[in-house]
Amino acid sequence: MVHSFVGKIQKGISHFVHKRNGLSKELVAEEVREGYFAVVAVKDGELKRFIIGLEYLSDPEFLELLDQAQEEYGFIQKGAIFIPCRPQQFQTILDSQRDEH
């Protein structure tokens, strides 16, 4: 499931929209340059938008969050991928992946 989604992103799908009530348009509508995609970490009222590189699609922790996102939100999204994760927790995942390279 997630692997086919990852393949689509790697083939050039860089935007997904997730329509949720109460989110500002800036959160999902800002342009993202090629090779990157937008992720919104949201949990318990905490919300933060991240722009991350496609290399994170090979990170096991990130792929696990994509599985959780599919279960909670589905993958009919544009603009940003919403993941059920606190922003601080997601930042830790990004930092650990960055430290490995």
Side-chain angles (χ1 to χ4, degrees):
M1 289 183 272
V2 169
H3 295 296
S4 66
F5 174 71
V6 169
K8 289 179 184 177
I9 288 179
Q10 290 173 328
K11 290 178 184 174
I13 298 176
S14 61
H15 297 295
F16 293 86
V17 167
H18 185 67
K19 296 182 184 197
R20 295 181 55 114
N21 294 330
L23 294 181
S24 66
K25 289 183 180 179
E26 304 85 51
L27 195 57
V28 294
E30 290 181 25
E31 291 296 317
V32 177
R33 68 182 189 197
E34 189 173 333
Y36 292 83
F37 60 103
V39 174
V40 176
V42 58
K43 190 162 188 171
D44 298 332
E46 296 180 51
L47 183 135
K48 184 175 179 184
R49 183 175 188 257
F50 296 84
I51 304 298
I52 63 173
L54 292 175
E55 67 272 10
Y56 286 96
L57 293 173
S58 63
D59 180 75
E61 286 183 278
F62 182 72
L63 292 175
E64 187 176 317
L65 287 172
L66 287 180
D67 279 335
Q68 293 173 17
Q70 180 184 21
E71 290 175 20
E72 190 160 332
Y73 308 123
F75 277 131
I76 302 173
Q77 303 184 41
K78 287 186 185 178
I81 298 171
F82 283 72
I83 56 171
C85 178
R86 284 195 166 88
Q88 299 88 337
Q89 178 187 1
F90 189 61
Q91 185 64 59
T92 300
I93 292 169
L94 295 178
D95 292 344
S96 68
Q97 173 74 3
R98 205 172 290 131
D99 290 344
E100 290 178 14
H101 295 284

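This one's a predicted model, so the numbers in the text were calculated from it and none came from an experiment.
- Across Ser96 and Glu61, no two heavy atoms sit closer than the pair OG-OE1, 3.7 Å.
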Exercise for the section: Begin with the C-alpha distance, continue with both residues' side-chain angles, and end with the deciding distance and a verdict on side-chain contact (heavy atoms from CB on, under 4.5 Å) for Tyr56 and Leu66. Expected result: CA-CA 11 Å; Tyr56 286 96; Leu66 287 180; over 6 Å; no
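- Atoms CZ and CZ, on Arg49 and Phe82 in that order, are 9.5 Å from each other to the nearest 0.5 Å.
- Phe90 and Ala41 get closest at one heavy-atom pair: CB-CB, 4.0 Å.
- Between Gln91 and Phe50, some side-chain heavy-atom pair lies under the 4.5 Å cut-off.
- Using a 4.5 Å heavy-atom cutoff, the side chains of Lys48 and Arg86 are not in contact.
- Side-chain atoms of Glu72 and Pro84, non-hydrogen and from C-beta on, do get closer than 4.5 Å to each other.
- Listed here is the closest heavy atom pair of Phe37 and Leu57: CZ-CD2, 3.8 Å.
- When the shell of 6.0 Å around CD of Gln88 is examined, it contains more than 12 heavy atoms from other residues, nucleotides or ligands.
- Here the side chains of Ile81 and Val40 are not in contact, with every heavy-atom distance at 4.5 Å or above.
- Remark: of the listed residues Leu65, Ile83, Leu94, Ile83 is the sole one forming a side chain to side chain contact (heavy atoms under 4.5 Å, CB included) with Val39.
- To the nearest 0.5 Å, atoms CD1 (Ile93) and SG (Cys85) are separated by 5.0 Å.
- Residues Val42 and Tyr73 have side chains in contact (heavy-atom distance under 4.5 Å, counting atoms from C-beta outward).
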